[in-house]
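First comes the structure, then the notes that go with it.
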Number of protein chains: 2
Amino acid sequence: MTSRHKSCPPLPAELRLDRILHGECVEVMRGLPEGSIDCIFADPPYNLQLRGELRRPDESVVDGVDDAWDKFSDYGAYDSFCRDWLSEARRLLHKDGTIWVIGSYHNIFRLGTILQDLGFWILNDIVWRKANPMPNFRGRRFTNAHETLIWAARSPESRYRFNYQAMKALNDDLQMRSDWYLPLCTGHERLRNEHGLKLHPTQKPESLLHRVILASTNAEDVVLDPFCGTGTTPAVAKRLGRHYIAIERHPDYFRAALARLALVECLPSDQLAVTPARREQPRIPFGTFVENGALPAGTILSDRQGRLKACVAPDGTLVAGKQRGSIHKMGALLTSAPSCNGWTFWYFERDGKQVQLDVLRQESHAARQVS
Amino acid sequence: MTSRHKSCPPLPAELRLDRILHGECVEVMRGLPEGSIDCIFADPPYNLQLRGELRRPDESVVDGVDDAWDKFSDYGAYDSFCRDWLSEARRLLHKDGTIWVIGSYHNIFRLGTILQDLGFWILNDIVWRKANPMPNFRGRRFTNAHETLIWAARSPESRYRFNYQAMKALNDDLQMRSDWYLPLCTGHERLRNEHGLKLHPTQKPESLLHRVILASTNAEDVVLDPFCGTGTTPAVAKRLGRHYIAIERHPDYFRAALARLALVECLPSDQLAVTPARREQPRIPFGTFVENGALPAGTILSDRQGRLKACVAPDGTLVAGKQRGSIHKMGALLTSAPSCNGWTFWYFERDGKQVQLDVLRQESHAARQVS
DNA sequence: GACCCGTCTGAATCTAACC
DNA sequence: GGGTTAGATTCAGACGGGT
């Protein structure tokens with residue numbers, strides 16, 4: 001990529017850098033000069049359409065998002081809102097600039113379609129796999145354990161920046177994949193008010209922004225966040241030696257972001273080094289081997305002596321007589337033991353020999369390159 | 001969910017099950033009866049932005065790749081094609097039916113938007129994390145290591161099927177998350193022609209369909225795949241004891257699918273069962289245990305901490321002070337909770353120990369199985 | 001200080017059968 | 001079809017207090 005700082009005329013006088021601006025995002029963006037931004041990160045309202053109160057099994061109430069800023073009358077209103085701010089975003093982007101947007105299934109398909117329709121060129125969709133998502137309390141869906149980011153260049157012709165080697169280094173010298181495993185923003189990082197309540201319902205973790213900014217910008221590039229909330233994007237940008245412009249409408253969030261930024265210092269330039277990636281523990285559910293046909297449903301397992309037998313069901317449970325349960329539970333049940341490691345207890349037949357279940361897991365670990 | 005097989009009039013004579021149909025998907029779908037399908041899996045053509053040559057869904061080549069109008073017209077043509085087949089899909093779906101679509105960032109945002117606009121209700125977006133994705137050779141993007149599935153009900157009011165316990169069992173007794181780690185279709189599973197070349201460019205792994213079908217259908221449900229390719233969906237459906245209707249246009253794929261299905265056998269019905277939903281187990285009224293003397297009238301129940309007490313009345317209600325009601329209502333009343341599961345809330349004394357009420361019910365279920 | 005245990009919480013479109 | 005009620009339903013991680 002030819003950097004803006006090399007290929008373009010000097011910045012217009014009206015672009016003052018490293019500021020958080022208080023106001024409506026589209027209005028404020030209209031006041032910024034065309035082509036002046038290298039990278040945009042945007043975390044717009046999700047239009048969640050939540051219907052009622054949700055309680056955990058222990059009857060405690062989930063403190064969900066019920067703020068007015070997330071409510072839209074219908075898809076049309078949401079689309080119109082997004083076309084407006086994304087059009088402004090495209091005007092502000094340098095011709096080689098890129099944009100990141102984050103969302104969930106409620107809104108990400110609208111965002112992706114509008115990006116494509118406006119002429120952006122999608123480079124990747126990235127999955128933020130949450131280490132500690134909220135469970136599905138009613139057991140009616142899969143646990144919603146991820147959010148999606150779209151990374152797009154201003155146009156198909158953009159010679160965009162991608163710090164390939166930095167991403168590879170961040171991932172133990174393997175190419176960085178499109179699925180990122182990161183924890184939620186909790187603990188001390190989560191900003192709280194004087195009552196100890198979260199200040200913002202959806203504060204993003206700095207680790208996420210760290211990876212985004214490190215991947216797609218250079219030091220001294222200009223990063224814009226039109227919905228900056230409590231200031232995660234400008235905070236990480238500042239720490240990593242990038243310039244920032246951030247916009248926030250809500251006075252509480254705006255004040256919190258100002259205070260937060262005052263405490264952030266830019267890393268010395270010789271320390272803008274990568275942080276090590278957290279590797280996930282590879283855990284392989286037994287059901288995996290039923291799905292992939294290594295142990296198809298109907299297979300008979302036995303214990304080492306061949307005295308106890310059980311049949312594999314399509315969902316990875318074992319069945320013996322009228323009883324059904326996991327490999328561990330059934331091992332315990334049939335031996336009247338308080339507990340049992342099903343991986344080492346059960347055997348299956350392969351090439352006429354009895355093979356311990358755990359062998360499958362070991363083989364799978366060996367084959368598995370990236371967790 | 002009330003199954004189609006219980007709540008609906010008999011299938012029209014024209015719905016002949018367990019067939020692969022040769023033809024254009026929309027045309028063939030038009031010939032099938034409304035509301036006759038329980039679940040649809042669709043892997044439509046991705047078709048966009050490939051190798052500088054753009055093709056419309058009808059395979060005609062779009063020229064003028066650099067022309068903005070043609071790009072728009074290409075998205076428009078793709079959208080129009082998808083609105084057509086998704087509208088037919090919605091007509092065919094039973095009111096409580098669900099649909100799965102799979103795609104990549106090239107098309108999944110168009111699909112998601114159209115699904116929402118047509119009135120489908122998204123339940124989850126699922127990320128298929130590929131165990132062995134193709135690396136990014138040019139080092140200009142993140143390794144594209146996943147595809148996205150959208151799971152949606154026909155409408156927000158659909159009482160859709162989700163085999164929660166089976167999915168939990170498949171994942172070592174933890175809720176199944178929205179990110180699935182599965183290998184690509186390779187090796188013996190990959191269909192090849194006489195030259196050893198892969199027969200279909202994007203054959204999906206059976207493990208993916210196993211999870212999809214197990215999660216969202218019952219045995220004997222009807223599964224439709226409008227773009228069945230080499231027949232992965234009908235093959236897994238048949239093995240798992242589901243009915244199928246599959247559509248394929250390309251004669252080579254159609255023939256391969258026919259040959260493949262001829263070799264697939266359905267699992268014996270006693271091996272098809274998965275962990276049942278507790279909701280679907282036979283209900284046992286609490287009063288049963290008062291009648292049969294297991295908990296005679298006059299028995300004192302307490303909560304787990306032993307702080308709240310209530311007395312069992314002859315009709316199976318509980319009495320505390322001036323208040324009387326079901327085990328659930330009294331648990332809710334005494335804790336000021338909006339609701340309460342009395343089975344797990346109340347304890348009684350047996351052999352000097354506090355035993356949860358639900359244990360009685362479990363013992364009764366177990367006894368019922370044996371008899 | 002180390003460890004255990006109980007408590008709290010997170011972008012959530014979160015019930016279904018019966019009368 | 002609407003209202004009522006039975007009863008199904010949670011995982012990881014941070015934090016704080018007690019041993």
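As judged by a 4.0 angstrom heavy-atom cut-off over every strand, A:Asn144 is placed among residues touching the sugar-phosphate backbone only. As judged by a 4.0 angstrom heavy-atom cut-off over every strand, A:Leu184 is placed among residues touching the sugar-phosphate backbone only. Counting any heavy atom pair closer than 4.0 Å across all strands shown, A:Asn47 reaches no nucleic acid atom. Across all strands shown, B:Ile122 has heavy atoms under 4.0 Å from base atoms, whether or not it also approaches the sugar-phosphate. Looking at heavy-atom distances under 4.0 Å, A:Ser104 makes no contact with the nucleic acid at all. Note on B:Pro285: nothing from the nucleic acid sits closer than 4.0 angstrom, heavy atoms only. Using a 4.0 Å heavy-atom criterion, one finds that B:Arg279 contacts the sugar-phosphate atoms exclusively. Among the atoms of the strands shown, none is found under 4.0 Å from any heavy atom of B:Gly342. Note on A:Arg55: nothing from the nucleic acid sits closer than 4.0 angstrom, heavy atoms only. Here A:Tyr75 lies in heavy-atom contact (under 4.0 Å) with a base. At a threshold of 4.0 angstrom between heavy atoms, the contacts of A:Cys185 with the nucleic acid are absent. Contact annotation for A:Asp43: base contact, defined as any heavy-atom pair under 4.0 Å involving a base atom. Across all strands shown, B:Pro156 has no heavy atoms under 4.0 Å from either base or sugar-phosphate atoms.
Between A:Arg141 and C:dT15, a side-chain N or O to OP1/OP2 separation shorter than 4.0 Å is absent. A close approach under 4.0 Å does occur between a side-chain nitrogen or oxygen of A:Lys198 and OP1 or OP2 of C:dG10. In this structure, B:Arg159 reaches the C:dA17 phosphate: one of its side-chain N or O atoms is under 4.0 Å from OP1 or OP2. At least one side-chain nitrogen or oxygen of B:Tyr164 sits closer than 4.0 Å to the OP1 or OP2 atom of D:dT10. Distances shorter than 4.0 Å separate some side-chain N or O of A:Arg138 from OP1 or OP2 on C:dT15. Within the structure, a side-chain polar atom (N or O) of B:Ser326 is placed less than 4.0 Å from OP1 or OP2 of D:dA6. For D:dA8, the OP1/OP2 oxygens have no side-chain nitrogen or oxygen of B:His328 closer than 4.0 Å. The side chain of A:Arg140 contributes an N or O atom lying less than 4.0 Å from OP1 or OP2 of C:dA16. Under 4.0 angstrom from either OP1 or OP2 of D:dT9 there lies at least one side-chain N or O belonging to B:Gln165. The shortest distance between the side-chain N/O atoms of A:Arg51 and the OP1/OP2 oxygens of C:dC14 is below 4.0 Å. In terms of phosphate contacts, B:Arg283 brings no side-chain nitrogen or oxygen within less than 4.0 Å of OP1 or OP2 of D:dA6. At the phosphate of D:dT10, OP1 or OP2 sits under 4.0 Å from a side-chain N or O atom of B:Lys168. Remark: B:Arg278 is in phosphate contact with D:dT9, judged by side-chain N or O atoms under 4.0 Å from OP1 or OP2.
Between A:Trp180 and A:Trp100, the ring planes lie tilted relative to each other; the angle falls in the 30° to 60° range. By the 30° and 60° cut-offs, the orientation of the rings of A:Trp343 relative to A:Phe286 is perpendicular.
In the set D:dT9, D:dT10, C:dG10, D:dT10 carries the atom at the smallest distance from any side-chain atom of A:Asp58. The A:Leu54 side chain lies nearest to C:dA12 when the options are D:dC11, C:dA12, C:dA11. Closest approach to the A:Val62 side chain among C:dA12, D:dA12, D:dA8 is made by C:dA12 (side chain taken as heavy atoms from C-beta onward). Checked against C:dG10, C:dA16, C:dA12, the side chain of A:Tyr105 finds its nearest nucleotide in C:dA12.
Every salt bridge (charged side-chain N to carboxylate O under 4.0 Å, His left out) that A:Glu53 has, sequence neighbours left out, goes to A:Arg55. Annotation: salt bridge (charged side-chain N to carboxylate O under 4.0 Å, His left out) contacts of A:Asp79 (sequence neighbours excluded): A:Arg110.
The 5' end of DNA chain D is approached more closely, in terms of each residue's nearest nucleotide, by B:Lys329 than by the other of B:Lys329 and B:Thr344. Mapping A:Pro133 and B:Trp121 onto DNA chain C via the closest heavy atom, the residue that lands nearer the 5' end is A:Pro133. Nearest-nucleotide positions on DNA chain C place A:Gln203 closer to the 5' end than the other of A:Gln203 and A:Asn136. Two residues, A:Pro57 and A:Gly187, neighbour DNA chain D, and the one matched to the more 5' nucleotide by heavy-atom proximity is A:Pro57.
Summarising the geometry, the separation between CZ on B:Phe345 and C1' on D:dT9 is reported as 17 Å, rounded to the nearest angstrom. Between the CD atom of B:Glu157 and the C1' atom of C:dC14 there is a distance of 15 Å, given to the nearest Å. Between the P atom of C:dC8 and the CZ atom of A:Arg190 lies a distance of 18 Å, rounded to the nearest Å. Atom CG of A:Asp67 is separated from atom P of C:dT13 by 16 Å (rounded to the nearest Å).
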Subject >> A:Trp85/A:Phe227 under ring pair (Phe, Tyr, Trp, His ring centres under 6.0 Å): CA gap, chis, key distance, verdict >> reply: CA-CA 10 Å; A:Trp85 71 261; A:Phe227 306 95; 5.0 Å; yes
Subject >> Trace of the salt bridge (charged side-chain N to carboxylate O under 4.0 Å, His left out) decision for A:Asp63 with A:Lys198 >> reply: CA-CA 10 Å; A:Asp63 181 16; A:Lys198 60 188 175 192; 3.7 Å; yes
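By the 5.5 angstrom centroid cut-off and the 30-degree plane limit, A:Phe137 is classified as not stacked against the base of C:dC14.
Rounded to whole Å, the separation between the P atoms of D:dA8 and C:dA12 comes to 25 Å. Of the C1' atoms belonging to D:dG13 and C:dT13, the separation is 26 Å, rounded to the nearest Å. Rounded to whole Å, the C1' atom of D:dT19 lies 12 Å from the corresponding atom of C:dG1. Across the C1' atoms, C:dC14 and C:dG10 are found 15 Å apart, a figure rounded to whole Å.
Between the side chain of B:Arg361 and the base of D:dG7 there is no donor-acceptor pair of N/O atoms closer than 3.5 Å. In terms of polar N and O atoms assigned as donor or acceptor, the side chain of A:Lys130 never comes within less than 3.5 Å of the base of C:dA11 in a complementary pairing.
Ionic pairing of B:Asp38 and B:Arg161 is not present here: no N-O contact between side-chain nitrogen and carboxylate oxygen is shorter than 4.0 angstrom. One finds no salt bridge joining A:Asp58 and A:Arg56 here, because no Lys/Arg side-chain nitrogen approaches an Asp/Glu carboxylate oxygen to under 4.0 Å.
For A:Tyr46 and A:Glu147, the side-chain atoms include at least one donor-acceptor pair closer than 3.5 Å.
When the shell of 6.0 Å around CZ of A:Arg249 is examined, it contains 12 or fewer heavy atoms from other residues, nucleotides or ligands. Heavy atoms of other residues, nucleotides or ligands lying less than 6.0 angstrom from CZ of A:Arg192 number more than 12.
C:dT13 shows a glycosidic angle within 90° of 0 and is accordingly assigned syn.
Checked options A:Arg260, A:His200, A:Lys204, A:Glu206; the residue passing with A:Thr232 is A:Arg260 (criterion: side chain to side chain donor-acceptor pair (under 3.5 Å)).
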Original post:
DNA chain D in dot-bracket, Watson-Crick or G-U pairs under 3.5 Å, [ ] crossing, | other strand?
Top reply: .|||||....|||||||||
